[in-house]
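See structure below.
This is a predicted model, so every value here is computed, not measured. Quick note on labels: first sequence line is chain A, next is B, and so on, each numbered from 1.
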Amino acid sequence: MAKKTYDLLFKLLLIGDSGVGKTCILFRFSDNHFTTTFISTIGIDFKIKTVELRGKKIKLQIWDTAGQERFHTITTSYYRGAMGIMLVYDITNEKTFDDIVKWLRNIDEHANEDVEKMILGNKCDMEEKRVVSKERGEAIAREHGIRFMETSAKANINIDRAFSELAEAILDKTSGREADADHARIAVERRPSRAPPTRACCT
Amino acid sequence: MGLHKARIRAFEDILEEDSTIDMVTLRSLAFNGIPDDKGLRSLVWRILLNYLPSDKNSWQSTLTEKRNLYKHYIDEIIVSPGGETDHPLNNSPDSSWSTYFKDNEVLLQIDKDVRRLCPDISFFQNATEFPCHKVVYSGGAKRLHKRVEQSVLKFSTLERRGLGVAKLSDESRRSDSTQSGDYAPLHEGREAHWEVVERMLFLYAKLNPGQGYVQGMNEIIGPIYHTFAIDPNKEYRMNAEPDCFFCFTNLMAEIRDFFIRTLDESDSGINYVMGKLSDCLKKFDPVVWDLLEKQELKPQYYSFRWLTLLLSQEFALPDVERIWDSIFADSDRFEFFIYICCAMILLVRQELLNGDFASNVKLLQNFPPMDVSLILNKAVEISLAA
């Protein structure tokens, strides 16, 4: 068995309507290439990339999903284990943006409650075809308290940044949780001496 | 060379029989691979997919009838909406416009997918020799991709000329071809093969409303159409579209349950078939099965796509066609297909045993290029032991 070459393993998931560029984003991130010659994703695809954050080697295990409704039973089974989810829409296609709400509902139904989310408006190099303004993207992200970024897999805009911000948010949460856990333990240990015996007065 | 010629001869002998084709012999020949020569695959697939009956006497009438039927489909289904009393803002559910807009949602998905069909070969981007005249000379009105081109109005600018004369100048079209890569629509009078595939899939979705279009169907129809459209026999090549449509419809009748979500759990659904593959692996290589189980590498991570698409995304087109010879020749479809998938796993068992979860998912999702005869021979071995 291979030796562990990383400190932490984060599982990420890419979701969004078909054709918004999920596979291209992932390919840009993992192989630093762009090509328009992608076949459509059927079911679920998978890539690995190790990044370094705050001196920690983090292995990102990224699942790329098919956009069409038919595949949801297959793809939603991946939501549960995901620590971070990227919701992608296409800034040149109104419907893919409208559907973000639907995807958010999917996350609520199937993912862990504390999953880190990020909305990406992809294809931002195609300014002349834009139909969804950056402001609308920001607004929906703000409304749901989610991070937001416009990206272009083609022009390599914000792709690395998106993944490292998402990873960093998960890292924050992970170390935060460790600290919280310590706190909790201390608090529990102290409680007996501080907590008044509530029933004492009644007896 | 002598052997190859002998194989061609064997096929020709069977196909040249006077009246009824000996299906048992034809199946066993096709099972070992149909030669690429003389349009043999194109003809034999038509027979194996139950489009052409074994009785040769009825071939001509079958072909004439089906090809005419397909023409009717085009006339009835590929239409522009409207009429004297109807208009796009008509709210009535009976309005032809309401159907038109609903259909366009399906069409949008088909359009996205046919423009990414087999991108590693140029075939689908090339012009067909035999475009559908009613479509290509309709001034764009019957071009399906035209219906789903993104709204142009937002980018149009009003040009004022003189008093109150306004003209919308359409500026968005210039970037159309850059967006779709090389899958650019062709000019009036011509059409690319991907446009033909788009039409067939749209007709299929309209004629099978319970199922509609599901992503991946493009990968099933692609190899059939390619095989038919390169047939050296001109009459068959000219009718690649109608013939392919009916062969695809017949094939889908056998595998359509894989594409229907509500049937996932049924005895014909995808989960059941994935389970069958898993059982097969467990029987023939319990060690590998156990390892994948321990690594929690679930069959759906790789076999969902293998099975749904009949392996069409796992291999290069010529290899897919060779594999399909054997699958189509199997009278007990899709028993042998499961063995092929199982053989693929057995052939990379050593790598799997040395790999961790991540490298094993990668390996199975990107199956290494391999001589397909190796896989097929292994599958035969399994079938004999099963």
Exercise for review: Would you check if there is a donor-acceptor pair between the side chains of B/D356 and B/S359 at a distance under 3.5 Å?
Suggested key: yes
Exercise for review: Step through the shown structure and confirm whether more than 12 heavy atoms of other residues, nucleotides or ligands are within 6.0 Å of CD on B/E296.
Suggested key: no
Point to revise | Engaged part of A/Q61 at the chain B interface, taking heavy atoms whose separation is under 4.5 Å | key: side chain
Check your understanding: With a 4.5 angstrom heavy-atom cut-off, which part of A/D45 approaches chain B: side chain, backbone, both or neither?
Key -> both
Revision key, fill the gap. Scored by heavy-atom pairs under 4.5 Å with chain A, the best of B/K112, B/E105, B/R305, B/R116 is B/R116
Between [X] and chain A, which part of the residue has a heavy atom less than 4.5 Å away: side chain, backbone, both or neither?
{"X": "B/L117", "answer": "neither"}
{"X": "B/Q215", "answer": "both"}
{"X": "B/F304", "answer": "side chain"}
{"X": "B/N366", "answer": "neither"}

Point to revise | Pi-cation contact, A/F27 with A/K47 (under 6.0 Å, within 45°) | key: no
**Study point:** Side-chain touch A/I15/A/W63, heavy atoms, less than 4.5 angstrom
**Key:** no
Point to revise | The single option from A/K134, A/K123, A/R130, A/R161 passing salt bridge (charged side-chain N to carboxylate O under 4.0 Å, His left out) against A/E150 | key: A/R130
Check your understanding: If you tally heavy-atom pairs under 4.5 Å against chain B, which of A/R70, A/K95, A/Q68 wins?
Key -> A/R70
Review point. A/W103 pairs by ring-ring contact (aromatic ring centres under 6.0 Å, His included) with which of A/H110, A/H144, A/H72?
Key: A/H72
